[in-house]
2 protein chains.
Amino acid sequence: MLHGGDLSAARHLFPGAPEPFIDLSTGINPFPYGLPRLSAELFARLPDAEAAAALADVAARAYGAPSAACVVAAPGTQIVLPLVAALIPPDRAAVLTPSYPEHARAAALVGHRVQAVHDIAACGKAGLVIVGNPNNPDGRVFAKDALIALADTMHPRGGLLVVDEAFMDVGPPGLSLASAVSRGNIVVLRSFGKFFGLAGIRLGFALAAAPLAARLSASLGPWAVSGPALAVGAKALADTAWTATTRRRLARSAKRLDAVLAGARLDIVGGTHLFRLAQTPAAPALFAHLGRAGILVRRFPDNAKWLRFALPGNELAWRRLSAALDTFR
Amino acid sequence: MLHGGDLSAARHLFPGAPEPFIDLSTGINPFPYGLPRLSAELFARLPDAEAAAALADVAARAYGAPSAACVVAAPGTQIVLPLVAALIPPDRAAVLTPSYPEHARAAALVGHRVQAVHDIAACGKAGLVIVGNPNNPDGRVFAKDALIALADTMHPRGGLLVVDEAFMDVGPPGLSLASAVSRGNIVVLRSFGKFFGLAGIRLGFALAAAPLAARLSASLGPWAVSGPALAVGAKALADTAWTATTRRRLARSAKRLDAVLAGARLDIVGGTHLFRLAQTPAAPALFAHLGRAGILVRRFPDNAKWLRFALPGNELAWRRLSAALDTFR
C-alpha cells in the first residue's frame, strides 16, 4: 500500500476485521459535496468544449488564478505531475521532504535526478523544485513571499517551481501562489476531489502562466476531463457558501480528532484540517491494532513512528476509533 | 472545429439553426449502453485498486489480449497516445494517411519527425508507425498478417507499431492485433466510449506486452480512471449479448445511411458501421446547408470534397437528415 484509500488491500491484510472497514488513510473530506443530477448526455457525449471553458473560468475565480487561460483541468493531478516535471529539460530536482510520494516519482520518471531536501535554502541550483503547501503529511506551511523569492532566483537559469496546493482549500488564507503564476516559472497544482470529497470523479488543476498552460493542455490532448466531472466541478467550485461552511466543519472535526489522538497519548506532529499526523514509537503495532479493529490509517515507509489519520465521517466511526485507541496498550 | 462533437461551436457557426441540433460529426454509437445505478461512493472514494484490476481482466477477455498485465486503462486514448509515442526515442514516425489528426499531433508532440504515408510499403525505416484499423475516416482495413509482418521487420531496429483500433468493435471479425501484442513491439489502442456510446465518461485502453504496459501505467500514475468509468466499463465489456445485438443494429443503421446518402447522389468512399465517408465536389456547400438545417457533420481540412456522417439516433433525426438532403441543390 504505497498510497492511502486501498480498502481491498486492507481487507487482505486484516481478514476478519469488523465491517464496515473505516478508511482513515486518505486526506479526503468525508462530507462530500452533494452530487447534482447528472444527465445521461454527460456520460454519452464527448465532453463539451464550452463546458470545459466554463469550468476553467470558474476554477480561475475559485483559486485566484489570473485568468482562465492559466487553468489546465486534468483527470486528477497525478496524471499532470509528470507533464509538469517535463516542462523543463532533465536536471536536478529538489523535492521538499517529507512529501507526497508522487512528487519524486513523477520527477524521476521524466529523467530528473531527484534530491530530497528539507528546506528551501537547501534547493541550491536545482532546475526543478517541488513543494507541498500546506505540505503532506506534516502540514508544514511555506510563506508566499519565500516561495516567490525562490522562483525569482530560479528564473534566470530557466528553473521551475511546482507548488502542490492539494490541501490549500483548508490552508491559511492568503497563502496560495495561484495569483503569482503569471511570473512565468511557477506551476500550482490544485486537487478538486480532496476538499470536495469527490476523489472518484478524477479532477485536478494545474495553474500556470498562459504559455506553460497551453503546453500542458497540448500534452493532455482534447477531452481530458469527463462530462460528469466538468458539470460537478463547475457547480461545486462556484458554491462559495458550501466552501465556507465546509471549512468550518472540517476545522471542528480536526480539533476533535486532535483531542481523541491526544487522549491516546499520541503526539500530533502536524497536519491540515483534512488529516492529522501523529507520532509514537508504537506506530507499527498501533497500525496493526487499528487494522484488526477495521480501521485503516496511513503509515509511512520512511518513518516508522508516524501514522496519519483522516477525519472520521460519522459518529459510528468516531466511536470505533475511540474504542480501538482505548484498547491499545 | 478540429474534432467532431463540438455542438457549441456549431451553434455559433449556424445561429438560428433549428433545435435540437443533430450531431452527426462524431463516430459515437447513438444507442448508448444503459448506465447501471452508480453509487455515490464511486464518485466520492478514490478509484479502488481491486476495481481497476477487475476492469483490466474483463477488458483483456473482451479485446482478446493475452492477459490483464497487457491492459492499460486510461481516461480516453487521446491522453495515452503521446505516452505511447514516447515509448521509443524521437525518430521518424510514419502515419498512415488519411488519419485521425491526433496520431500525427501526438507523435510530433514527443519529438518525432512525422511523415504522412499512404501505404505500409512506404513506411521504410520509420521508428514509429501509426495506423488506424479500421481506419478513420475512410474505413480502410489492414490485414492482420501484413501488420504483424511490418512489426516483425521493425523489431530488430527497435521500431514500434501502434494500431489504433478505435472502431474495431464494428470491424471485420479476426482482424484485431490484440492477441499479437506479446510480440513486444505492438501497441493496440481501443476506445470504450465510441462503441458503447459513452464518450463522456472517458475510458480507453492501450494493449501491449507487459513491460510496455507497465511503462505506460507508470506514466499515467495511480487512479487514472474514474470510479464510475471503472464500474460502467467492467459491466459493459462483459456484456457479450449487448455487444452482439448492437453490432447488428449498427450494421442495419449504416446500411440505411448509405441508402439515404446515395439517394442524395453522394459517393460513399468508405467508413465503418459507426460512420460513413461521403464524397462530393459540393461538400463545402452541403456542410453549410446541413448546418443551417441544424445538422452537424464532419468536414476535413485536407480534403474539401469529403464529409463524414455518423448514424442518426432516432426517427426525427433520420427525417431531418433526409429532408435537408432533399432540399440541397
Side-chain angles (χ1 to χ4, degrees), chain A residues 1-9 11 23 26 28-30 32-35 38 40-51 53 74-83 102 105-106 109-110 193 197-203 218-230 232, chain B residues 1-9 11 23 26 28-30 32-35 38 40-51 53 74-83 102 105-106 109-110 193 197-203 218-230 232:
Chain A
M1 283 189 291
L2 181 64
H3 292 285
D6 196 349
L7 275 190
S8 42
R11 288 190 174 103
D23 185 9
T26 74
I28 299 165
N29 177 1
Y33 188 77
L35 285 176
L38 298 170
E41 281 242 311
L42 291 172
F43 294 85
R45 288 183 50 80
L46 276 170
D48 193 70
E50 210 159 71
T77 49
Q78 93 295 339
I79 217 164
V80 93
L81 255 171
L83 306 178
E102 288 295 304
R105 197 188 72 86
L109 188 74
V110 300
L198 294 171
I201 66 169
R202 310 316 296 137
L203 179 59
S219 296
L220 288 168
W223 319 295
V225 173
S226 73
L230 289 178
V232 175
Chain B
M1 285 189 285
L2 181 63
H3 291 285
D6 195 350
L7 276 189
S8 41
R11 288 189 175 104
D23 185 10
T26 74
I28 299 164
N29 177 359
Y33 188 78
L35 285 176
L38 298 170
E41 280 242 310
L42 290 173
F43 294 84
R45 287 183 51 79
L46 277 170
D48 193 70
E50 210 159 72
T77 49
Q78 94 295 338
I79 217 164
V80 93
L81 255 171
L83 306 178
E102 287 296 305
R105 197 187 73 86
L109 189 73
V110 301
L198 294 170
I201 67 169
R202 310 313 299 138
L203 179 59
S219 295
L220 288 169
W223 319 296
V225 173
S226 73
L230 289 178
V232 174

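Below, read A as the first sequence line, B as the second, and so on, with proteins coming before strands; counting in each chain starts at 1. Being a predicted model, the structure only gives us computed values, none of them experimental.
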Check step by step if side chain to side chain contact (heavy atoms under 4.5 Å, CB included) holds for B:Asp48 and A:Ser8. CA-CA 7 Å; B:Asp48 193 70; A:Ser8 42; 3.4 Å; yes
Could you check which of B:Gly197, B:Pro32, B:Pro82, B:Ala229 has the highest count of heavy-atom pairs closer than 4.5 Å to chain A?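 Most heavy-atom pairs within the cutoff with chain A belong to B:Gly197.
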As an exercise: rank B:Ala218, B:Ala49, B:Gly193, B:Ala40 by heavy-atom pairs under 4.5 Å with chain A and give me the winner.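 The residue among B:Ala218, B:Ala49, B:Gly193, B:Ala40 with the greatest pair count is B:Ala218.
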Given heavy-atom pairs under 4.5 angstrom as the criterion, report whether the side chain, backbone, both or neither of [X] touches chain B.
X	result
A:Leu109	side chain
A:Leu35	side chain
A:Leu38	side chain

State, with a plain yes or no, whether a side-chain heavy atom of [X] is found less than 4.5 Å away from one of [Y].
X	Y	value
B:Pro75	A:Arg202	no
A:Arg45	B:Asp23	yes
A:Arg105	B:Pro222	yes

Given that the side chain runs from C-beta out, which part of B:Ile28 has a heavy atom under 4.5 Å from chain A: side chain, backbone, both or neither?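 Interface part for B:Ile28: side chain.
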Portion of B:Val225 that has a non-hydrogen atom of chain A nearer than 4.5 angstrom: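 Answer is backbone: N, CA, C or O of B:Val225 sit under 4.5 Å from chain A.
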Enter the distance from [X]:[atom1] to [Y]:[atom2] here, rounded to the nearest 0.5 Å.
X	Y	atom1	atom2	result
A:Leu7	B:Leu46	CG	CG	10.0 Å
A:Leu203	B:Ser226	CG	OG	11.0 Å
A:Leu42	B:Ile201	CG	CD1	12.5 Å

If you count heavy-atom pairs under 4.5 Å with chain B, which of A:Ser219, A:Ala51, A:Gly227, A:Ala199 comes out on top?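 Winner by heavy-atom pair count: A:Ala199.
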For B:Gly200 and A:Pro228, which heavy atoms make the closest approach, and how far apart are they?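 Smallest heavy-atom distance, with atoms named: O-CD, 3.6 Å.
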